[in-house]
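Have a look at the structure below before the remarks.
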Amino acid sequence: MECCFLQFSRQTTAATALVPKLCFSSTAAHHCVSLPEDDLIQPQSIAPSSPSEPNPTAQLLSDCLSDGRHSDVITVLRRTPPSRYLVFYWNNLIKRSVSFQDHRNVFHLFDEMRRLQWKPDGHTYPYVLKACGDLTSLAAGMSIHALALVSGFTNCNVFVDNAAIAMYGRCGAFDKARQLFDEMLEGGVFDTVSWNSIISAYVQFGDSRKALRMFKEMVSRGDIGLRADAVSLVNILPACASLRSQRRGAEVHAYSVRRGLIDDVFVGNAVMDMYAKCGLIDDAKNLFDRMEVKDVVSWNALVTGYSQIGKFDDALGLFDRMREKNIELNVVAWSAVIAGYAQRGLGNEAIDVFKQMIVSGSQPNAVTLVSVLSGCAASGASNPGKETHCYAIKQVLNLEGNDPGDDMMVINGLIDMYAKCKNLKVAHALFDSIEMKNRSVVTWTALIGGYAQHGEAGDALGLFAEMLREGCRMMPNGFTISCALVACARVGALRLGREIHAYALRNRYGDAMIFILNCLIDMYVKSGDMDAARAVFDNMSQKNAVSWTSMMTGYGMHGRGEEAVQVFEKMRAAGLPIDGVTFVVLLYSCSHSGIVDQGISYFNHMKDFGVVPAAEHYACMVDLLGRAGRLDDAMRLIRDMPMQANPIVWVSLLSSCRLHGNVEIGEHAVNKLLELKFEVDGLYTLLSNIYASAKQWKDVARIRLLMKRAGIRKRPGCSWVQGRHGTATFYVGDKTHPMTKEIYDLLHDLIYRAKIMGYVPETSFALHDVDDEEKGDLLVEHSEKLALAYGILTTTPGMPIRIMKNLRVCGDCHTAISYISRMIEHDIILRDSSRFHHFKNGSCSCKGYW
DNA sequence: TTAGGGTTAG
């Protein structure tokens with residue numbers, strides 16, 4: 001199997017349960033527990049066992065410690081009878097393991113001292129609790145805290161209680177943290193660290209407002225000797241940043257100046273970061289310039305700040321200055337620059353910087369890889385993506401001590417990269433290799449989004465349904481809903497789209513709602529329900545340029561060009577940003593409704609909006625002129641293009657040639673496409689259509705032979721329709737449906753009646769060099785006609801029949817369906833690969849522009 | 001106690 005080497009056998013490192021048997025992994029250290037400094041004082045000086053005679057064991061242990069002979073310390077302790085004066089040495093070893101993030105050893109030592117009947121003291125518990133917090137193991141933390149309580153360390157030992165608050169905060173047991181804090185306040189035994197711990201818990205919990213209220217209360221309690229310290233400020237500043245509250249952030253800055261804490265490089269960095277995140281990059285830069293002591297974090301914070309507000313050139317300039325000044329370029333600086341490129345879709349540049357980073361000897365980590373992968377995904381760079389995957393397996397993933405969350409992010413980045421590079425097989429294999437419980441909403445969404453964009457939309461919707469079946473364990477978020485709607489839009493799954501619409505309204509998605517509503521407009525537009533699209537648009541409390549452009553696309557696709565132009569004019573009047581995409585949609589709308597002169601005028605005035613016409617705008621214009629039969633003007637425009645005409649331009653010209661039966665220009669376009677080595681699906685079919693329209697049967701045969709020799713097969717036409725019993729799909733001449741007999745009988749009857757009304761089969765579309773009567777029969781079997789007959793048989797009278805086709809609708813089918821629309825009580829809404837056709841009472845909304 | 005990262009729309 002192609003992707004065997006990608007099958008991961010992942011061992012989850014979860015902190016499972018109770019002390020003493022734990023399965024460990026380390027996490028980055030973020031804690032605000034302060035540990036008793038006096039633990040460093042030799043025990044003899046606290047309470048010598050016998051002040052006049054030095055304790056020889058203590059002396060031995062002290063010597064071992066100062067010589068760094070830690071294993072000897074353990075050996076001695078094991079042979080020494082428990083003594084409360086010598087617990088210091090156990091604590092020292094435990095403290096050392098905590099600082100090295102060696103949690104396994106922390107618990108091992110703690111268990112061992114207890115097994116040997118030593119009594120942990122008020123210094124032991126804070127360290128062990130900190131280890132539990134680092135592990136975010138609530139079960140372990142609660143056991144240790146319970147042990148501390150039964151051993152008498154409660155509400156009387158501020159160190160133990162502070163450590164327990166921090167531990168509960170880090171483990172997400174927020175209520176427990178708060179309860180303990182309140183008990184400390186009631187008992188009057190607390191200090192600055194207690195407040196810092198609970199505030200930090202609020203910040204970690206994401207409740208910035210409560211954190212700020214607590215901080216305010218803390219600084220107002222100077223009467224009881226309470227004062228905020230540097231740690232308090234560094235804790236609270238990210239909360240200001242996350243609320244984007246410049247005012248509160250500036251207040252904290254002012255407080256830090258008043259208290260003389262701003263010269264602390266940690267505080268300075270945090271203030272700078274706050275300003276950058278609040279969008280006040282100049283204030284951040286001013287502070288940076290004034291800071292007498294800067295460290296690598298200061299530089300990195302500014303590089304990141306510039307990168308994230310779009311001033312990426314400034315970020316790069318600063319990065320170069322770091323290089324010149326020989327400031328350590330650590331993994332954060334490199335990753336920030338790589339992410340900056342990736343976010344701008346500059347994947348190759350991101351990959352280059354990643355290579356430089358490796359050469360420089362700086363060790364990439366999970367964050368770096370996620371950034372590089374995002375760059376590879378953005379530019380569809382599949383080979384560098386695979387190389388990064390190999391690098392990840394060899395150097396980053398599944399290492400001892402890795403945060404499993406970080407590893408998962410890399411895997412999610414890999415899934416996204418493979419999906420965006422259209423390699424859905426590998427993306428899915430990676431997805432399958434992750435245990436269900438380890439898949440996050442991002443994992444699901446990355447794959448669903450991949451299928452929705454580059455794979456089978458049906459697979460995307462199948463996965464979405466599977467995710468919903470997972471129940472409350474796996475709730476889709478705004479991203480997931482958007483991806484599912486993209487998939488619905490692709491296949492015109494109106495019924496499911498409506499259900500997702502209802503689902504989105506039932507579940508509040510907050511800020512993501514504008515995204516979802518825009519996707520809904522697009523879904524309704526592409527499923528042929530313009531009224532529903534308009535209703536969503538009208539009811540939006542907030543609209544952005546995408547909402548307006550989506551409506552415009554809708555009107556354009558449905559042949560309502562005048563309304564599309566009106567939307568554009570309203571957008572313009574409302575001062576919404578008009579960009580290249582807006583113009584593509586506007587010109588497309590004009591083209592599909594035959595609004596030629598106004599379209600040309602808009603094209604000529606694009607520069608007034610600050611938009612430089614790109615190749616895709618020229619393609620729209622070629623389409624517009626070509627559809628209107630002005631093929632020579634289209635050719636002139638291509639000749640005068642300031643850039644090389646890309647394949648889309650030539651395909652537009654070719655389509656117009658088919659419409660107007662122009663063999664000469666059509667051949668020219670095909671030659672240009674072949675020169676560009678462009679493998680357009682249906683290129684030869686289009687050319688043979690042109691020959692067929694001109695009745696040049698020899699050329700038709702020549703092309704057919706050419707296709708046969710080259711092994712090119714015409715993509716089969718396929719139509720689908722949502723009947724009462726679900727979606728039915730039909731191919732040309734399809735006789736597999738259980739209702740085949742009824743479908744063909746009805747179709748023959750309709751064609752017979754249409755002929756009486758004046759319908760003459762347009763046999764050139766049959767593309768077979770057979771006599772006309774036989775061709776007429778072949779036309780009957782086209783997939784769109786079969787889908788229509790099925791639609792009539794299974795749709796309630798009066799209800800519209802919605803048909804989708806993967807290719808452009810055939811000209812004969814278009815005529816036949818127009819006639820049929822006079823005989824039946826349904827509106828017929830047909831979506832082909834190019835636009836919508838609304839058939840009613842014998843005419844079509846496209847007015848011949850298709 | 002500070003800096004970096006993954007999934008969505010025209």
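The chains referred to below are lettered A, B, ... by the order of the sequence lines, with proteins before strands, and numbering in each begins at 1.
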Query - d(CZ, A:F354; P, B:dG4) in whole Å - result: 20 Å
Query raised in the report: When all nucleic acid strands are considered with a 4.0 Å heavy-atom cut-off, which category describes A:T582: base, sugar-phosphate, or nothing?
Result: base
Query raised in the report: NA contact type, A:N365, heavy-atom cut-off 4.0 Å: base, sugar-phosphate, or nothing?
Result: base
**Report entry** Heavy-atom side-chain contact between A:D273 and A:P238 under 4.5 Å
**Finding:** no
Query raised in the report: Considering only B:dA3, B:dG10, B:dT8, which nucleotide approaches the side chain of A:C483 most closely?
Result: B:dT8
Query raised in the report: Given the side-chain rings of A:F583 and A:F568, with only the six-membered ring counted for Trp, is the space between their centroids under 6.0 Å?
Result: yes
Query raised in the report: Looking at the side chain of A:T445, which of B:dT2, B:dG10, B:dT7 is the nearest nucleotide?
Result: B:dT7
Query raised in the report: Out of B:dG10, B:dG4, B:dT2, which has the shortest distance to the side chain of A:V331?
Result: B:dG4
Query raised in the report: With ring centroids as reference points, do A:W548 and A:F537 lie under 6.0 angstrom apart?
Result: yes
Report task. Please tell me which of the listed nucleotides, B:dA9, B:dG10, B:dA3, lies nearest to the side chain of A:C519? Result -> B:dA9
Report summary line: Residues passing the salt bridge (Lys or Arg N to Asp or Glu O under 4.0 Å) test with A:E616, sequence neighbours excluded, are none
Query raised in the report: A:Y341 OH to B:dG4 P: how many Å, rounded?
Result: 19 Å
Query raised in the report: Does atom CZ of A:R227 have more than 12 heavy-atom neighbours from other groups under 6.0 Å away?
Result: no
Query raised in the report: How is A:G478 classified with respect to the nucleic acid when contacts are heavy atoms under 4.0 Å: base, sugar-phosphate, or nothing?
Result: base
Query raised in the report: So which nucleotide from B:dG5, B:dA3, B:dT8 ends up closest to the side chain of A:F479?
Result: B:dT8
Query - d(OH, A:Y275; P, B:dT2) in whole Å - result: 19 Å
**Report entry** Validation row: A:N300, A:N330 side chains within 4.5 angstrom (heavy atoms)
**Finding:** yes
Query raised in the report: Is there a donor and acceptor pair, one atom on the side chain of A:D406 and one on the base of B:dG5, closer than 3.5 Å?
Result: yes
Query raised in the report: Touch check for A:K420, heavy atoms < 4.0 angstrom, all strands: base, sugar-phosphate only, or nothing?
Result: sugar-phosphate
Report task. Looking at every strand, decide which applies to A:S482 at a 4.0 Å heavy-atom threshold: base, sugar-phosphate, or nothing. Result -> base
Requested in this report: Using a 4.0 Å heavy-atom cut-off across all strands, classify A:D579 as base, sugar-phosphate, or nothing.
Outcome: base
Query raised in the report: Looking for any heavy atom pair under 4.0 Å, which part of the strands does A:K543 touch: base, sugar-phosphate only, or nothing?
Result: nothing
Query raised in the report: If you look at every strand shown and take non-hydrogen atoms under 4.0 Å, does A:D264 touch a base, only sugar-phosphate, or nothing?
Result: nothing
Query raised in the report: Just how far, in rounded Å, is C1' of B:dG5 from CE of A:M409?
Result: 6 Å
Query raised in the report: Is A:Q343 near enough to B:dG5 that one of its side-chain N or O atoms lies under 4.0 angstrom from OP1 or OP2?
Result: yes
Query raised in the report: Would one find a side-chain N or O of A:Q453 under 4.0 angstrom from OP1 or OP2 of B:dT7?
Result: no
Report summary line: Ranking B:dT7, B:dT2, B:dA9 by distance to the side chain of A:V486, first place goes to B:dA9
Query raised in the report: In whole angstroms, how far is the P atom of B:dA3 from the NZ atom of A:K285?
Result: 20 Å
Report task. Check every atom of B:dA9, B:dG10, B:dG4 against the side chain of A:V367 and return the nucleotide holding the closest atom. Result -> B:dG4
Query - Whole-Å gap separating P (B:dG10) and CZ (A:F583) - result: 19 Å
Query raised in the report: For A:S440, which contact category applies under a 4.0 Å heavy-atom criterion: base, sugar-phosphate, or nothing?
Result: base
**Report entry** Results of salt bridge (Lys or Arg N to Asp or Glu O under 4.0 Å) for A:D529 - residues two or more places apart only
**Finding:** A:R498
Report summary line: Testing B:dT7, B:dG10, B:dG5 for proximity to the side chain of A:T549, the answer is B:dG10
Query raised in the report: Closest to the A:T553 side chain: B:dG10, B:dG4, B:dT7?
Result: B:dG10
Query raised in the report: To the side chain of A:K526, which of B:dG4, B:dA3, B:dG10 is closest?
Result: B:dG10
Requested in this report: Check the distance between B:dA9's P and A:I521's CD1 and give it to me in whole angstrom.
Outcome: 14 Å
Query raised in the report: Could you give the CE-to-P distance, from A:M408 to B:dT7, as a whole number of Å?
Result: 14 Å
